[in-house]
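These notes are about the structure you will find just below.
Starting from 1, each residue takes its place in the sequence as its number.
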Amino acid sequence: MTDNAPAGPSPAATPEPSGSGPATGAPYDAVVLAGGGARRLGGADKPGVRVGGRALLDRVLAACADAATTVVVADPRATVRPVRWAREEPAGGGPVAALDAGLRRTTAEYAVVLSADLPFLGADTVHRLLAALRDGDADGAMLTDDDGRDQPLVAAYRTASLRRALADLATEHAEQGEHAEHGGHAEQDGHAEHAEHTGRGGLTGLPLRRLTSALRLTRLTDPLASFDCDTWEDIAHARARIREHGHVLNEWITAVKNELGIELDVDTGVLLDAARDVAHGVARPAAPLTTFLIGYAAAQGKGDAKSVAEVSAKVADLALRWEAEHGGGGSAPDAG
C-alpha cells in the first residue's frame, strides 16, 4: 500500500477537506475504487478519461470533497485534491479486496464507497445517502439504477458493519478454499491454481454481491447519479449530456476553476448580467474584457464571491450610465 502520495499539480490551490462532513451529521470517510482493468474500454485508463474537461476520478473526488479522509484504491496519480492511496494485494484482486484495502485506511463511523467512473455524481447525492443511513438502522444506503439494479459502489455504509461483513466473508472464503484443497480437487491443475489464488487470497476475486448480501440495506433510486461509464458509448453519452443547454454553463465554469486551481463559488448570473449590460450599452467586445477586469478587481480585494458581486454591480451601474450618456438608443456597436 501507499500513503499520502502527492496530489494534483497545484494542491495548494485546493484547501484540505474540513472533515466536518455535510452541514449536519457526523464526519464520514470516502473510499474510491479506481484500480480496475477497464476491459470494456480496451484497457484504457478509465479514471483519467475526461468528461466535460475533467478526469472521471476528479469528478468523483469533487462529489465527496467534504470527507474527513478520502482513500483512493489505485496506483498514485495526480488528482484535483489531496487524497490517501491504498492498493489491494495482489493488485487487480477485484472490488471486494480493493474495498477492504481502502477501508483499512479509514476511521470515521460512516464510509461512502464510490467507483471512479460516475460522471454525474454530486455532493447532494452523497449527502442524501448519508442522511438515509443516519436516519435509519440499516447497515448501508445504496443507489439503484433506472432498471432497479443495486449499485454497491455508490453507497454509504456503517464502517463497523462493513468491516464485520468483510471479515466474515474472508473467513468463509478461506474455509471454502481449504475444503476444496483437502477434498481432492486441488490435484487438478486448474483447481489447484484457483485454490491458491482465491482460497488463500482472502477476498481476492469475490463479487460485491457476496458482501452486500450479508448487509441490511436501504435503497434510493437515482438513475443519473448512478450512471457509470463502462464503455466508450457510455463516455460519449456522458459527454453529450454535459453539452446540453441546461448543463453546459455550470460544467464549463467548474472545469475552468478546476484547471486554474480556483476554489470559489460565484453567482454566474451576476457576471452574465454585467456582461450583458456592457455588451448592450458599450460594445460587444467589451463584455469579455470587462469580466476579466471584474475578476482582477475582485482578486485585489478579498477575492471571494461577495467581492465579485460587488464589483459586478459597480460595472453594471457604470454600463447603464455610459448608455444613458450616449443616448441609450439602438444596440451597442461592434467595437468601442
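Between R59 and E251 there is a salt bridge, with a side-chain nitrogen of the basic residue lying less than 4.0 Å from a carboxylate oxygen of the acidic one. A salt bridge is absent between D58 and R81; no separation between the charged side-chain nitrogens and carboxylate oxygens falls under 4.0 Å.
A donor and an acceptor atom, one from each side chain of R149 and S226, are nowhere located under 3.5 Å apart. A donor-acceptor contact closer than 3.5 angstrom is absent between the side chains of T106 and T69. Counted by atom type alone, T171 and D168 present zero donor-acceptor pairs between their side chains at under 3.5 Å.
Partner Q151 forms a side-chain contact (heavy atoms from CB on, under 4.5 Å) with one of D145, L114, D222 and no other, that one being D145.
Taking the centre and axis of the six-membered ring of Y110, the NZ or CZ atom of R134 falls inside the cone set by 45° and 6.0 Å.
In this structure, the side chain of S312 engages the main chain of V308 through a donor-acceptor pair within 3.5 Å. Put simply, the side chain of R158 never gets that close to the backbone of S161: no donor and acceptor are under 3.5 Å apart. Between the side chain of E310 and the backbone N or O of K314 there is no donor-acceptor pair closer than 3.5 Å.
In this structure, E233 places its CD atom where only 12 or fewer heavy-atom neighbours from other residues, nucleotides or ligands lie under 6.0 Å away.
L320 and L271 are members of different hydrophobic clusters when ILVMFWY side chains are connected at heavy-atom separations under 4.5 Å. Hydrophobic clustering (ILVMFWY, side-chain heavy atoms < 4.5 Å, transitive): L318 and V311 are in distinct clusters.
One distance of note links CZ of R163 with OH of Y157; it measures 14.5 Å at 0.5 Å rounding.
H237 and F227 have tilted rings, their planes meeting at an angle from 30° to 60° on a 0 to 90° scale.
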